[in-house]
2 protein chains.
Amino acid sequence: MSTLSYILLCMLVRKPCSGYELKQYINLFWEAHHSQIYTALNKLHEQGYVTVKIDPVHKQKKIYHLTEAGQLVVTDWFQEETNLPTQRDEFLAKVYVISLFNQEQAADLLQDRRHHYQKIQKQYQHKMQEYNLITDPTEKQKNLGRYLILKRRLMVCTTELEWCAWAQDILNRNQNQ
Amino acid sequence: MSTLSYILLCMLVRKPCSGYELKQYINLFWEAHHSQIYTALNKLHEQGYVTVKIDPVHKQKKIYHLTEAGQLVVTDWFQEETNLPTQRDEFLAKVYVISLFNQEQAADLLQDRRHHYQKIQKQYQHKMQEYNLITDPTEKQKNLGRYLILKRRLMVCTTELEWCAWAQDILNRNQNQ
DNA sequence: GACATCATGTAAGCTGTTACATGATTCA
DNA sequence: TGAATCATGTAACAGCTTACATGATGTC
């Protein structure tokens, strides 16, 4: 089974979801296009790890539920060795050759990065507020993992933004030498 | 041309390298297996973006040098829109479902993560020390980009470790409730 | 001389991206 | 009623992983 399939099963632990919803949430820890998600879900269905219920209102919408077999797969996987995160960041490759470029070009590159992290910082802050509104203890417990991940995302965003400011400062000093 | 090819050209800006060396350094911003790197280098050679010189001592070793055409490709690429970093981290998917598991299992998961970041933190600190030993201003300028990236890596490591400590603390409190 | 590491390459199979395709629902 | 969004799917192609394969160099 591919890693994506495990990721999807994990997401279904929290609550039953449609493929469309899974696509919206997955970026908390993974990346996949809808084409990949839909095919993986169909395969998980064949394998008996999920069941499908047609949404009574939106009849083209399929809600996937984790089966017991599916939950067992998740618990087994949890205890296996964890693969390291992928890290492919072409921005950093551009930073690597930044001394080839003038101050303006370098500043543009850094600014785009800053804008990106400012944007997703706001998104995650919003999601964090939603979590903080949960009062029911059972519901709060169920969302604990999601909370831990959101916090990490926010911390990483802050670090990225701090780095951008620091790097811009270094480049300015470098220029004035 | 694939992103990997651009990455390799960027790396050759700093100094000519063999495929083997590129493989060792690439993880600062990208991931690729040697099989992928060697085939990409052969293609870049065909395209005229690099030249090859056989190392006089190690005759099976091929040193790749960036050509003017290659440098032009890099400067053009620099100014194009930067793709966002990939983020696939199955550790986070495990954290997402952490409430399914007992305290010991959760602690094991976090400890592995902590060990990983402690390990690479040491590696980057070591590389940073190497940079700090450079006295020649031209050489220092050439390594500026590398320095900026190393600093970011170290900052991210610190954040990851801080998060691990914080998350463990949350889980402990959660247990004692 | 044995073993680790250096050094390069090919190929099959799997994963991920992009493009094509269709239809329902919601809201102005 | 037109446009945006919701919702699902297939297929071709590109990129990545894993396994196989070979030989040189350095060192105990």
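Naming convention: chains lettered A, B, ... in sequence-line order (proteins, then strands); numbering from 1 in each chain. None of these values were measured; they are calculated from a predicted model.
- The B:His58 side chain lies nearest to C:dA7 when the options are C:dA7, C:dT26, D:dT17.
- The existence of a salt bridge linking B:Glu130 and B:Arg146 is excluded, since no basic side-chain nitrogen approaches an acidic carboxylate oxygen closer than 4.0 Å.
- Screening B:Gln129, B:Arg152, B:Arg153 against B:Tyr124 for a side chain to side chain donor-acceptor pair (under 3.5 Å) leaves a single residue, B:Arg153.
- In the set C:dG9, D:dG9, D:dA11, D:dG9 carries the atom at the smallest distance from any side-chain atom of A:Asn42.
- At whole-Å resolution of the value, NZ in A:Lys43 and P in D:dT10 are 13 Å apart.
- Judged by distance alone, the side chain of B:Thr67 and the main-chain N or O of B:Gly48 form a donor-acceptor pair under 3.5 Å.
- OP1 or OP2 of C:dT15 has not a single side-chain nitrogen or oxygen of B:Arg88 nearer than 4.0 Å.
- Checking D:dA24, D:dC16, D:dT18 against the side-chain heavy atoms of B:His33 singles out D:dT18 as nearest.
- For the pair A:Glu31 and B:Tyr64, both in contact range of DNA chain C, the more 5′-proximal nearest nucleotide belongs to B:Tyr64.
- The nucleotide whose nearest atom lies closest to any side-chain atom of A:Tyr38 is, among D:dC16, D:dG23, D:dG9, D:dG9.
- Rounded to whole Å, the distance from CG on A:Leu41 to C1' on D:dT10 is 15 Å.
- Side-chain atoms of B:Trp77 do not come within 3.5 Å of backbone N or O of A:Lys94 as any donor-acceptor pair.
- In this structure, B:Lys61 places its NZ atom 24 Å from P of D:dT22, rounding to the nearest Å.
- The side chain of B:Tyr20 has C:dT8 as its nearest neighbour among D:dC16, C:dT8, D:dT8.
- In the interface, the side chain of B:Ser35 is paired with the base of D:dT18 through a donor and an acceptor atom under 3.5 Å apart.
- For A:Trp166 and B:Tyr147, the ring centers are positioned less than 6.0 Å apart.
- Taking only side-chain atoms of B:Lys62, from C-beta outward, the nucleotide of C:dT8, D:dT17, C:dT17 with the closest atom is C:dT8.
- At a cut-off of 3.5 angstrom, the base of C:dG16 holds no donor-acceptor pair with the side chain of A:Gln36.
- Distance NZ (A:Lys23) to P (C:dT17): 9 Å, rounded to an integer number of Å.
- Across the protein-nucleic acid pair, A:Glu90 atom CD and D:dG15 atom C1' stand 14 Å apart, rounded to whole Å.
- For B:Glu21 and C:dT8, the CD to P distance is 9 Å, given to the nearest whole Å.
- To the nearest angstrom, P of C:dT8 lies 16 Å from NZ of B:Lys59.
- Nucleotide C:dA7 holds its P atom 12 Å from the CG atom of B:Leu22, rounded to whole Å.
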